[in-house]
Colleague: 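Before I ask anything, let me first share the structure, which is written out below as structure tokens.
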Amino acid sequence: MLEFKKGVDILSAVGGIDSIEEARRLFKNKLDNEHLARLSRITHEEVLLKIANAIALCQPDTIMVLTGSDADKDFIRKYSIEKGEETPLAIPGHTYHFDLPEDQGRLLSQTLYIVNEDEHISSMAQKELRSVSHAYIEKHMTGIMKGKVMFVGFYSRGPVGAQASIPAIEISSSTYVLHSAELLYRNCYADFDAEVDRRGEFFTNVHSEGPNRPEDIPNCRIYMDRSWQTTYSMFCTYAGNTLLMKKGNHRLASDTAIYKHKGRELSEHMFITGMTGPGGRKTYFAGAAPSGCGKTTTAMVGSDFVGDDLAQLWIADDGTLRAINPEIGIFGILEDVNREGDPHLMKCLREPGAEVIFSNVLIDENKKPRWVGDGEPVPERGINFQGEWTPAMTDVPMSHPNSRCTLLSEAIANHNKAVNADPAGAPIAVVTYSGRDSDTMPPIWVAKTMDDGVVIGASIVSKATATEIGASGIRRQPWANAPFIPGQLGDYLDAQFKFFNNPNLQKKPVIAGLNYFLTRENRGENRTGLLGEKKDVHVWLGWLELYAHGDVQALEIPIGMIPKYEDLKKIFKQKHNKDYSEDLYTKQFSLYIDNVLMLIDLEIAAWKKEEGVSQTIFTIYETQKAELEALKAAKGPIVRPQDL
Ligand code: SPV
Ligand code: MN
């Protein structure tokens, strides 16, 4: 169980400022008149104390408050170039930023939860005792901003006024971090006080890159203090390690959902997107996928793209499931983004109009950003995050597999800005979970009950990707949210069961598993590669849209409901003008019973090791196992959908 405001508040202990009078004196000493006037608009004492202690700890030369005005946005954009954190590219408004070679993804072993004695956390996360972190922060962050400017921004993680929106302060000495913050989050300077009162909580994030040298990376830490809803990050710049309003606060938002609003809210690693169905109806999806598994591409397949990474969900008074996107921009993976697969995004990346920060790409001689899989001829030379590059350097990729683009979602042609701005959120009719699974699950399977749906989320597995440094192999990825779940997985599971079975949730969503990583070699072909195409996801979502409205029927198998061939054939023709063969359908939807049984056994073993796990999950696994064994006895280990 997590207790809030328990133990020493490290920021106030290391800053040493504990009265509002002292805080105000410090502001008067350190801020110029203009920025003092800006800060005077914020009156919440707890908020002011956090900022004062961050100043006292980091000791910047100058402090600037960003109000989110056009002039301030322009200022941070230009200052980032002046400072050299970003460099302009050929297209106006486009810049690039390089992180250190050692800092190209989330640094798993240096990402830690600060805990009190006896505090249990997720078995998939790492913790450090409060006293140890306290000493570390004091040692490494004291004076870390000497000679630097500290930027302070006030943001809302979601539309102002939405039930599940949470205000957050972002403090950093990096212009790249604040420029990214302005593209990804809603600056809510004017509403911040009111939002803190409404929500009754806020997050604080303190970061400094320090000297930004490779030799400091081993000392880098990414700390989440769960009890004091505060994050600390030092000696790094990769946004996933520094812009802690993103994943740092997503982790804290998970705690809020699970320990303050159990059964009423969820905080998920999900895209939000709308699909247009027959008669122009809009059906909204929230879908989870592990990092680096095509979540952004899937989100943009919708006619009404809302968000690509995070979702705050709640049950509204009208009995519907609602979701808001805490973000207004995307921090998307570039590898394999090209005109064919991602036309809307590619337009923003290759034509003037949008403001874009490219990170860890290759810059060619014409100041054009290039990445692996961009669909254009490989350049003869260029500069990447490791220095000069030529195609002869076969062991160094042109761009890092976790190279990214940061831009406002509204630049994307199919983004629905109104829905992303609506405090009522998007009404979610379909929830999906997916992983990177090459040999077990079919492209779509729909849960028969809410409990079965929760178990689909709990059972996601995935191959490691470039987004995390030091990860390898096939790993469990419960809810595709595991890297961001601080608390015990048994607590999280319980909250999921309570949420989806909450009687107030009258309009139950369709919950489905998705898998578009099945390979040919694992389905009996003697060639390698994906079965089907990346863009087929359009069809899978299209089928789910129809299913959610009762417009198509499904076949029942032990693990859920799967589409019928005739329906998919029709949708493939409509959406892609493609002839979907019955042979491909059979390969994709045949049930490979032994693989599924192995997966279930792996999950049972893993969940048995957790504390406080609801019996429901084991009952569901055992029921599925018994039905799978019976089916295997009757029809063999591989069952074609036609034989059901
Ligand atoms: C992810 O890796 O899931 C991302 C980027 O969305 S990061 O901010 O690094 O988490
Ligand atoms: Mn993510």
Side-chain angles (χ1 to χ4, degrees), residues 97 99-100 102-111 124-125 155 157 168 170 172 174 176-177 179-181 183-185 203 205 207 220 222 224 231 233 236-254 267-273 286-300 306-312 325-337 345 357-360 385 400-407 409 432-436 460 462-471 475 477-486:
H97 161 88
D99 299 297
L100 292 168
E102 301 78 5
D103 183 29
Q104 297 284 310
R106 278 182 278 111
L107 292 157
L108 295 191
S109 64
Q110 288 154 279
T111 301
M124 302 180 83
Y155 300 88
R157 293 182 86 260
E170 185 73 36
S172 174
S174 163
Y176 164 67
V177 168
H179 184 193
S180 301
L183 291 171
L184 293 175
Y185 293 89
F203 300 147
N205 305 290
H207 160 260
C220 154
I222 298 100
M224 270 65 53
T231 76
S233 164
C236 48
T237 61
Y238 171 66
N241 294 325
T242 60
L243 177 60
L244 289 184
M245 239 187 322
K246 194 173 179 66
K247 290 307 181 4
N249 288 174
H250 176 51
R251 297 176 176 112
L252 300 180
S254 168
S267 182
E268 297 293 324
H269 193 214
M270 287 180 171
F271 66 75
I272 304 169
T273 202
S291 305
C293 293
K295 188 152 49 66
T296 300
T297 301
T298 307
M300 287 181 192
V306 178
D308 78 323
D309 195 36
L310 302 172
Q312 295 277 107
N325 172 14
E327 308 188 295
I328 51 163
I330 66 165
F331 178 56
I333 292 183
L334 282 167
E335 190 159 296
D336 291 333
V337 168
L345 179 56
I357 309 174
F358 293 84
S359 58
N360 308 321
F385 67 98
H400 192 275
N402 195 30
S403 61
R404 300 239 173 193
C405 56
T406 305
L407 66 158
S409 301
T432 67
Y433 296 97
S434 60
R436 205 177 257 272
I460 294 299
S462 195
K463 201 168 146 236
T465 66
T467 61
E468 298 179 321
I469 295 169
R475 298 180 307 150
Q477 273 279 15
W479 296 279
N481 201 18
F484 317 112
I485 300 175

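Just follow the structure's listing: the first ligand is 1, and inside any ligand the first atom is 1. All of these numbers come straight from a predicted model, not from anything done at the bench.
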Colleague: May I ask you to decide if Leu107's main-chain N or O and Asn241's side chain share a donor-acceptor pair within less than 3.5 Å?
Modeller: yes
Colleague: Which atoms of ligand 1 have any heavy atom of Tyr238 under 4.0 Å away?
Modeller: 5 (C), 7 (S), 9 (O)
Colleague: Under 3.5 Å, is there a donor-acceptor pair between the side chain of Glu170 and the main chain of Met245?
Modeller: yes
Colleague: Does ligand 1 have any atom sitting under 4.0 Å from a heavy atom of Arg404?
Modeller: yes
Colleague: Among all protein heavy atoms, pick the one closest to atom 8 (O) of ligand 1 and tell me residue, atom and distance.
Modeller: Gly240 CA, 3.3 Å
Colleague: Short question: side chain of Asp99, backbone of Asn360 - any donor-acceptor pair under 3.5 Å?
Modeller: no
Colleague: Please list, in number order, the atoms of ligand 1 under 4.0 Å from a heavy atom of Lys246.
Modeller: 6 (O), 8 (O)
Colleague: In ligand 1, which numbered atoms sit nearer than 4.0 Å to a non-hydrogen atom of Arg106?
Modeller: 1 (C), 2 (O), 3 (O), 7 (S), 9 (O), 10 (O)
Colleague: Which of the atoms of ligand 1 are close to Asp309, meaning less than 4.0 Å from one of its heavy atoms?
Modeller: 6 (O)
Colleague: Show which atoms of ligand 1 fall inside a sub-4.0 Å distance from at least one heavy-atom site of His269.
Modeller: 3 (O)
Colleague: Is there a donor-acceptor pair closer than 3.5 Å between any side-chain N or O of Ser409 and the backbone N or O of Ile328?
Modeller: yes
Colleague: Which atoms of ligand 1 sit under 4.0 Å from any heavy atom of Thr467?
Modeller: 2 (O)
Colleague: Below 3.5 Å, N or O to N or O, backbone or side chain included: is there any such pair between Lys247 and ligand 1?
Modeller: yes
Colleague: Once rounded to 10 degrees, what value does the angle at the Mn ion (ligand 2) take between OD1 (Asp309) and NZ (Lys247)?
Modeller: 110°
Colleague: Of the choices Ala466, Ser291, Gly332, Ala289, which has the non-hydrogen atom that lies closest to atom 3 (O) of ligand 1?
Modeller: Ser291
Colleague: Classify the side-chain pair Ser174/Ser172 by whether it contains a donor and acceptor separated by less than 3.5 Å.
Modeller: no
Colleague: Between Asp103 (side chain) and Cys236 (backbone), is there a donor-acceptor pair under 3.5 Å?
Modeller: no
Colleague: Using the six-membered ring wherever Trp is involved, compare the ring planes of Tyr185 and Tyr155 and label them parallel, tilted or perpendicular (cut-offs 30° and 60°).
Modeller: perpendicular
Colleague: Ligand 1 versus Glu468, non-hydrogen atoms closer than 4.0 Å: side chain, backbone, both, neither?
Modeller: neither
Colleague: With distance as the sole test, does Arg436 use its side chain to make a donor-acceptor pair with the main-chain N or O of Pro290 at under 3.5 Å?
Modeller: no
